[in-house]
Amino acid sequence: MMNKTGKRAIVIGGSLGGLFTGILLRSIGWEVNIYERSPHNLDSRGGGIVLQPEIVEAFERAGVAYEAPLGVVARERFYLKQDGSIATVMPMRQTLTSWNFLYGTMGRHFPAECYHQGKTLKALRQDDEQVTAIFADGTSDTGDLLIGADGANSTVRQLLLPSYEPHYAGYVAYRGLVNERELDKKTAAIFTERFVFYQFPNSHILQYVVPGEDESFVPGERRFNWVWYVNYDEATELTSILTDRDGKRRDYSIPPGKIASQIEEQMRSYADRVLAPPFQRLVAATKEPFVQAILDLGVPQMAFNSTILVGDAAFIPRPHTAAGVSKAAANAIALADALVTQNHDVKKALDEWENDQLRLGMHLWKAGEDLGERSQFMYGKKRFDDISTSGAA
């Protein structure tokens, strides 16, 4: 696409938030370059995502080519009893997709020559007209607008708001993906094309079907995606959970295949003790589980002259809202709208854009916090084993 506006945007962060911003700014005539710190493709990260309307709207506005549907349809919710039988059936149609599918679909739409890998931001320099990104390899880029879409560990946020960092919420999410053909038929029959939950004191686990590793929607080639929330004390337990099998302490998450063997064994043993049998079998069938600390983050400001924060660089809602990815899409949609409305005057557009995005971020942040507190801490801070033997903390 030609640069119809004469405007240039620099996007720091090449994950979903960066790609949403990139494709939407290009759709309104901007030249966009994305800079991603990882030297490798990101297509092996992440698990399932609830498809929200903002994601579909972003794809349609940007002219992203895709074949409907954008995910696997679940037509009902099951809530299981402790013995694995069904406690409640709730009709509820939802479409479930995957991080890989969204990343791959947007990545193919965004020009490869404008997506730069292995680029670590070191510093920013801006005046009233332009902003310059300076990278660790000595290169730089100057544009009319810089978007910090670099996630929870955002360098852009650290440069602009150094006192604002994510805070651990008191629990982690274990996650896993299981190919459809690798789960026994009895368990698969419960989980297929349903959103299934098992809730117990201070915890819950859920699952739904998502596209396969190769983005396939064909039955038998998809994957079961599960998420399990477990409490761990920050002072005495979190460090061991986030130390990978090579002995490296990770900031917030450990990817598939990297959880320390003793931690994985403890998680599997705990699953066998406390989960309903269908979820026990699902966890047992998972070859490479992964884990992420649940975080809280909110910022007082998202626009700084010609630089903005979007997605998890600004607000991290807990995943119970199912809105983390759609929030990044909403930030990008609103930015494109404001720029068009203000005839691509960046300052006026950001003045129009910021307040609504702060309200959205604050709303989701607080809603996620409320849901998480009810789920995880109704009986104190301990895990179920401790509660059942010694009472609530």
Side-chain angles (χ1 to χ4, degrees), residues 12-13 15-18 20-21 46-55 57-58 99 102 147-173 175 202-204 206 227-232 234 238 242 251-253 291-304 307-335 338 350-378 381:
I12 306 299
S15 188
L16 298 186
F20 279 125
T21 309
I49 291 169
V50 178
L51 187 71
Q52 303 286 15
E54 294 86 352
I55 298 172
E57 181 180 351
W99 192 101
L102 297 181
I147 298 96
D150 46 347
N153 199 24
S154 169
T155 301
V156 179
R157 186 188 65 247
Q158 290 166 9
L159 292 171
L160 297 170
L161 294 170
S163 64
Y164 285 82
E165 289 293 326
H167 295 284
Y168 176 57
Y171 55 106
V172 306
R175 307 190 66 161
N202 281 8
S203 186
H204 71 280
L206 59 92
V227 186
W228 180 21
Y229 299 103
V230 181
N231 296 354
Y232 287 101
E234 183 171 15
L238 186 62
L242 294 180
D251 287 333
Y252 307 122
S253 64
V291 65
Q292 64 189 82
I294 302 303
L295 305 173
D296 288 317
L297 174 69
V299 297
Q301 186 177 351
M302 292 173 69
F304 310 77
T307 299
I308 63 171
L309 299 171
V310 301
D312 285 354
F315 286 90
I316 302 178
R318 298 190 197 178
H320 320 295
T321 62
V325 173
S326 63
K327 173 175 60 65
N331 291 161
I333 290 167
L335 177 63
L350 297 188
D351 285 344
E352 176 183 317
W353 172 84
E354 184 181 28
N355 285 339
D356 284 346
Q357 302 316 298
L358 284 169
R359 279 193 289 270
L360 172 63
M362 186 67 70
H363 167 72
L364 292 174
W365 179 32
K366 293 301 184 184
E369 186 177 54
D370 290 344
L371 290 168
E373 297 297 304
R374 289 202 297 272
S375 164
Q376 299 303 122
F377 305 126
M378 285 286 287
K381 300 293 184 181

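In what follows, every heavy atom counts, from backbone to side chain, and hydrogens, waters and symmetry copies are set aside. Quick caveat, the model's predicted, so the values are computed rather than measured.
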Any donor-acceptor pair under 3.5 Å from Thr21 side chain to Gly17 backbone = yes

Rounded to the nearest 0.5 Å, the CG atom of Asp312 sits from the OG atom of Ser154 at a distance of 10.0 Å

Does any non-hydrogen side-chain atom of Phe315 lie less than 4.5 Å from one of Val299?
-> yes

Would you call Leu350 and Leu335 a side-chain contact if the rule is heavy atoms closer than 4.5 Å?
-> yes

Which atoms form the tightest heavy-atom contact between Arg157 and Gly151, and what is the distance?
-> NH1-O, 3.7 Å

Asp150 side chain vs Gly13 backbone, donor-acceptor pair below 3.5 Å = no

Go through the side-chain N and O atoms of Tyr229 and Arg318 and say whether any donor and acceptor fall under 3.5 Å apart.
-> no

Got a donor-acceptor contact below 3.5 angstrom from the Gln292 side chain to the Ser253 backbone?
-> no

Where is the tightest heavy-atom contact between Trp353 and Ala334, given as atom of each residue plus distance?
-> CD1-C, 3.5 Å

Over all heavy atoms of both residues, which pair between Leu309 and Phe304 is shortest? Give the atoms and the distance, please.
-> CD1-CE1, 4.0 Å

Side-chain touch Ile316/Trp365, heavy atoms, less than 4.5 angstrom = no

For Met302 and Leu358, run side-chain contact (heavy atoms from CB on, under 4.5 Å): C-alpha distance rounded to whole Å, both residues' side-chain angles, the deciding distance at 0.1 Å, then the answer.
-> CA-CA 7 Å; Met302 292 173 69; Leu358 284 169; 3.6 Å; yes

Give the C-alpha distance, both sets of side-chain angles, the deciding distance and a yes or no for ring-ring contact (aromatic ring centres under 6.0 Å, His included) between His167 and Tyr252.
-> CA-CA 10 Å; His167 295 284; Tyr252 307 122; over 10 Å; no

Do the side chains of Leu242 and Asp251 get nearer than 4.5 Å, heavy atoms only?
-> no

Please check if the distance between the ring centroids of Phe377 and Tyr171 is under 6.0 Å.
-> yes

From Leu16 atom CG to Ser326 atom OG, the distance as rounded to the nearest 0.5 Å = 11.5 Å

Donor + acceptor pair across side chains of Asn153, Glu165 (<3.5 Å) = no

Which value, rounded to the nearest 0.5 Å, describes the distance between Leu360 atom CG and Asn355 atom CG?
-> 12.5 Å

Which atom of Pro300 lies closest to which atom of Leu161, heavy atoms considered = CD-CD1, 4.1 Å

Compare every heavy atom of Ala58 with every heavy atom of Ala329, then report the nearest pair and how far apart it is.
-> CB-CB, 4.4 Å

Nearest-0.5 Å distance that lies between atom CD in Glu354 and atom CD in Gln301 | 5.5 Å

Any chance NE2 of His204 has more than 12 other-residue heavy atoms, nucleotides or ligands included, within less than 6.0 Å?
-> yes

Quick one: closest heavy-atom pair of Ala367 and Thr321, and the distance?
-> C-CG2, 4.1 Å

Between CG on residue Leu206 and NE2 on residue His320, distance to nearest 0.5 Å = 9.5 Å

Backbone of Ala330 reached by a side-chain donor or acceptor of Glu54 within 3.5 Å | no

Ignoring hydrogens and angles, tell me if any N or O in the side chain of Arg175 forms a donor-acceptor pair with the backbone of Val227 under 3.5 Å.
-> no

Do Thr155 and Ile12 touch side chain to side chain, with heavy atoms closer than 4.5 Å?
-> no

Test item: Gln376 side-chain N/O and Gly170 main-chain N/O as donor-acceptor pair under 3.5 Å | no

Would Asn331 and Gln357 count as having a side-chain donor-acceptor pair, cut-off 3.5 Å?
-> yes

Leu238 vs Val172, side-chain contact (heavy atoms from CB on, under 4.5 Å): CA-CA, chis, key distance, verdict | CA-CA 9 Å; Leu238 186 62; Val172 306; 4.1 Å; yes

